[in-house]
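Read the structure below first, then the notes.
Numbers restart at 1 for each chain; the letters A, B, ... are given by sequence-line order, proteins then strands. Since the model is a prediction, treat every value here as computed from it, not as a measurement.
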Amino acid sequence: MTASLQHPGYDPERLLCVAEKMPCRVSQAGTLLSLMGERLQISSMNEFYPSIFLYGHRSTGKSHVINTLLMDLELPHATVSCVECVSVGLMFERVLLALFGPDTSTLLPRSPSLSDFVRIYRQQAPLSPANQTRYIVIEKAELLRDMDSNLLPVLVRLQELVDDNVTVILLSEIVWDRFRPNTGCFEPLILYFPDYSKGDLQQILSQDIHPSYSPELYSAFINILLGVFYSVCRDLRELRHLAALNFSKFCEPLKEGKGRIDTHKLWRNIEPHLKKAMQTVYLRDVSSVQWEQQLQQTEEKECAALKGLSAHAHVELPYYSKFLLIAAYLASYNPARTDRRFFLKHHGKIKKTNFLKKHEKTSNHLLGPKPFPLDRLLAIFYSVVDSRVAPSASVFSQISSLVTLQLLTQLGHDDQLDAPKYKCAVALDFIRAISRTVNFDIVKYLYDFL
Amino acid sequence: MSKRKLKDSPMPIGECISQVQTLLRERLCHQQLPQRPEGVDSQHKHLMELLKRTAVHGESNSVLIIGPRGTGKTQLLRCVLAELLAEEDVDKTLLQVHLNGLLQTDDRIALKEITRQLSLENVVGDQVFGSFAENLAFLLEALKKGDRSSSRPVLFILDEFDLFAHHKNQTLLYNLLDVSQSAQTPVAVVGLTCRLDVLELLEKRVKSRFSHRQIHLLPSLSFSQYLQAVQAQLHLPDTTFPDTTFCYDWNASLKALCEDKSVEAVLLRHFNSTKDFRSLHRLLMAILCRVSVNNPTIKPADLLDASRLLSADAMTNVLHGLSILELCLVIAMKHLNDIYDGEPFNLQMVYNGLRAPAAAGGGASRGRGGGGGGAGPARVPTGEAHAGPQPDHGGAAEVPPVPHRCQAVGRLRLRLGPEEGGREERRVLHLGLPRRVCSGGGLVLCVTVRHLSQSLRQLYQHAERFYQGKPGVKLVR
């Protein structure tokens, strides 16, 4: 969309300035502006639809467009993000503060109700008459659903309730259908913000140029970056992060002073690096500095770093504890009905297919560990361990030390003494390593691997 | 809006447009009251009569106005009130209390609001009420003090009436309706609700005090009336609009618009989906914002565009913005949903479902059981000894096992890619499947062979090894 923003009643230069701030969103901004209507002389004002619902994926510029429009065109507005408002009181306070100045928010009683908010709004609105529509922008509106159940229906028809020229703009990532309450409510005007296309992303990302490199080079880098990540991630924010993270690596050969290097060679150089970065898209479990350090480490010793991460590789347990853990794993991942088949000598021939129940068709490993009672754990334990073990206090204390080590988790309250329930909290790889040390083939005993 | 009459000198077109915008926006957004609501004459008359009795003759009453959202319940009430207040000596005596179930979420708040709206605050101000009950008792006392002839009538308007029924013990409703039953201060209780079963929500003692007067508002427009309403909504008044020529042009183009076939089709679709006037207003609003200096009249294309904008399927929009990876996840979830009949599934299962087709397509042939703890949809590991091919695609897993003798022919599809990104070749093998059989004759084992050396022959050997000696198996080369 190359059409520039045009609207009567606003200074064209200012509109041009606004349009520059939001690349690739001009048509959406145009729609919004025309909905808002033109600015008129004092004493007459344009009515606006009571509420608008804007939805679109993350980082498609919803808040940016709205806020830029409202800020730069100097319209009276209040922007509230639902994440910040842990209680409705906070939200009311912010709205009143932004619309009517600091004095009004003190009028709110402690833990204000919707009724109080509307009452104070009605009191204040005639005191500070605005010749334009007031806007209340609510970001992350999907969180409204978890707040007071009346809040959303009130907000979408606030105009009628406060009898003022006010418009509520809801911004959300999910569709309106998921908002509608049981008995229905006023339906807002619904607008969609489409995602940026690949070309748009290229254009936007190319804007934050590194000062010491040419725009062409940066744009080429963005092109490579999008080629790798576009199929996985279309989130502008994330892509921007990735671009910032990897650009220095991209420029390394240039910095080393190898003269002019064509982009193809640079691409060769960066490609493995980007593939590694692919593993961490969206997962910011380490900070970007750590990530760069980690990368250097892995270059030095590829596998060693990976192994160092898993502390499980060198867990040492007492002999019976290992069997207890194995028994716990079996109890967690096998259905109780199959115990007979695995641990009874003369169980007869039972086929897996006959066993299948509808809900068991899926693998138990996918469903995660299931809780089991202590009795079952011990029964399995006695049958898997080689020698005869007397049920002594030491066995029980080993169970509780496994819980302390967080290899088992106890469910329910600690005070449940007669029949405590546990879950096994280790992964398959770990338990295989453990069972290998005691020469126990655990896979043979797992129902999933029959 | 200014009412300058410049009949002779035409205004600049920009000004005309802004006049149109102001006028119509007021109509569409602010729910400007019409002279008389259309199609609800009997209801209007009924309500008018009831309220008049309270206001003029001091009779108590209670009534419920019931109708779906957007049928004009509030509009009707406001029309009646406006008409009522226009009468002499009613506007001086009648007290109004507006409550909304959305705002007054419990009886304490409602009571406070009533006190405020009746301007009894200064009376209450001196007294400190210990409890809700005391406060209520005081208010009731104030209401009861009068009698039919001397005290001012009070009109209680309860918007979203059904929400009041959820208040604890329905104290407020009980007391209001109780006052309206006894010959004390004349009180009219008007409830507005969109729930047809609202009476079921009332407790017995509350229900018995209600007069059981109901006014139903149901949309009964025919399509031709609907069209007329559209036209009336966009019509410019000849007498008050400053520029006559522009007004004339506008109204003429409007008439042409309504006679256009495609426009009629769009409106008919809207009409069939909802007769709600608010949704019509949304549509007209979207059209109105397209009117500008360059485009001074409404064209059929504008209406079509606006309708497309509003009726776009939100889910499709959202899906369109997903990246390929996310789409794959959605597909995997849909698949799981089909397999497990809508039972819940977890992330691990979705991830597994995602990996399986991705691996089959991407050309990776990893052995299973190695890591990750997943034993998901099995791929056939080409080299290693294995319990046997199991149905991929999950679809076959839901098929009940068929007896051995029953032999069905399935296809073993091989995808041969010598190298990554290389040419792909598909061959189809026919073999009888002894163990579990496909749905509708189509169990497809997708096998990916990475290198040509592990190709068809090896796979064939594998299949042979597995199927050897099984009854009823025939390997077709």
Side-chain angles (χ1 to χ4, degrees), chain A residues 7-9 31 34-35 37-38 40 44 46-50 55-57 60 113-116 118-119 148 150 153-154 157 159-161 165 174-177 183-187 189-192 194-195 230-234 353 359 361-363 365-368 427-429 443 448-450, chain B residues 1-2 14 17-18 21-22 25-26 28-31 69 74 100 102-105 109-110 112-113 116 162-163 194-195 278-279 282 285-286 289-290 292-293 309-310 312 314-315 317-318 320-325 339-340 343 345-346 348-349 352 369 371-376 397-398 401 436:
Chain A
H7 205 74
T31 315
S34 61
L35 271 176
E38 53 197 278
L40 292 176
S44 70
N46 265 333
E47 305 286 343
F48 192 20
Y49 208 76
Y55 71 103
H57 283 282
T60 45
S113 65
L114 276 165
S115 181
D116 292 324
V118 169
R119 176 170 53 84
D148 196 352
N150 284 339
V154 167
R157 61 190 304 172
Q159 190 176 76
E160 185 186 327
L161 293 171
N165 189 4
I174 55 177
V175 298
W176 172 249
D177 297 340
T183 47
C185 65
F186 189 90
E187 297 278 312
L189 202 66
I190 298 172
L191 286 182
Y192 175 59
D195 49 315
Y230 185 66
S231 64
V232 174
C233 163
R234 295 185 182 182
T353 44
H359 61 278
K361 258 185 280 168
T362 176
S363 155
H365 276 87
L366 294 181
L367 293 173
L428 180 66
D429 287 340
V443 179
D448 283 344
F449 298 110
L450 278 185
Chain B
M1 161 193 154
S2 66
I17 294 290
S18 68
Q21 290 271 2
T22 319
R25 269 166 189 273
E26 209 165 279
L28 296 179
C29 298
H30 211 61
Q31 315 282 320
R69 286 192 188 273
T74 314
N100 191 318
L102 288 171
L103 298 179
Q104 281 76 40
T105 41
I109 299 174
K112 234 189 244 170
E113 190 64 23
R116 205 179 59 79
D162 47 318
L163 293 179
C194 62
R195 283 189 67 162
R278 286 217 185 103
S279 85
R282 271 204 299 283
M285 187 72 195
C289 74
R290 279 158 205 273
S292 65
V293 178
L309 182 79
L310 289 187
M315 270 308 174
N317 278 343
V318 168
H320 183 262
L322 292 180
S323 70
I324 294 170
L325 183 70
I339 295 175
Y340 297 116
E343 276 176 46
F345 46 80
N346 58 21
Q348 194 72 53
M349 292 157 81
N352 222 299
E398 31 184 6
R436 237 179 293 152

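- We find the OG-CG distance between B:Ser323 and A:Asp195 to be 10.0 Å, quoted to the nearest 0.5 Å.
- Panel note: side chain B:Arg282, backbone A:Ile190; no donor-acceptor pair is recorded below 3.5 Å.
- For the atom pair CG of A:Leu189 and CZ of B:Arg278, the computed distance is 13.5 Å after rounding to the nearest 0.5 Å.
- Both the backbone and the side chain of B:Asn317 come within contact range of chain A, each with at least one heavy atom under 4.5 Å from a heavy atom of that chain.
- For the side chain to side chain contact (heavy atoms under 4.5 Å, CB included) with B:Leu103, the lone residue among A:Asn150, A:Val154, A:Asp116 that qualifies is A:Val154.
- Using a 4.5 Å cut-off on side-chain heavy atoms (C-beta onward), B:Leu322 and A:His57 make contact.
- The ring-ring contact (aromatic ring centres under 6.0 Å, His included) test applied to A:Tyr192 returns A:Tyr55, not counting sequence neighbours.
- The candidate from B:Ile324, B:Leu309, B:Asp162 with the greatest count of non-hydrogen atom pairs under 4.5 Å with chain A is B:Ile324.
- For A:Leu191, the part sitting under 4.5 Å from any heavy atom of chain B is the side chain, from C-beta outward, and nothing else.
- Interface remark: B:Leu163 contributes side-chain atoms only to the contact with chain A (heavy atom separation under 4.5 Å).
- At least one donor-acceptor pair under 3.5 Å links the side chain of B:Asn346 to the backbone N or O of A:Leu366.
- When heavy atoms are compared at a cutoff of 4.5 Å, A:Val118 approaches chain B solely by way of its side chain, counted from C-beta outward.
- Here OG of A:Ser113 is found 7.0 Å from NZ of B:Lys112. Values are rounded to the nearest 0.5 Å.
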Next item on the list: Carefully, step by step, assess A:Arg157 and B:Leu102 under the rule side chain to side chain contact (heavy atoms under 4.5 Å, CB included).
Entry: CA-CA 10 Å; A:Arg157 61 190 304 172; B:Leu102 288 171; 4.2 Å; yes
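- The CD atom of A:Glu160 sits 8.0 Å away from the CG atom of B:Asn100 when rounded to the nearest 0.5 Å.
- Neither the backbone nor the side chain of A:Pro194 has a heavy atom closer than 4.5 Å to any heavy atom of chain B.
- Rounding to the nearest 0.5 Å places CD of B:Glu113 at 7.0 Å from CZ of A:Arg119.
- Side-chain N or O atoms of B:Arg69 include one that pairs as donor or acceptor with a backbone N or O of A:Gly184 at under 3.5 Å.
- Annotation: the span from A:Ser34 atom OG to B:Met285 atom CE amounts to 8.5 Å, rounded to 0.5 Å.
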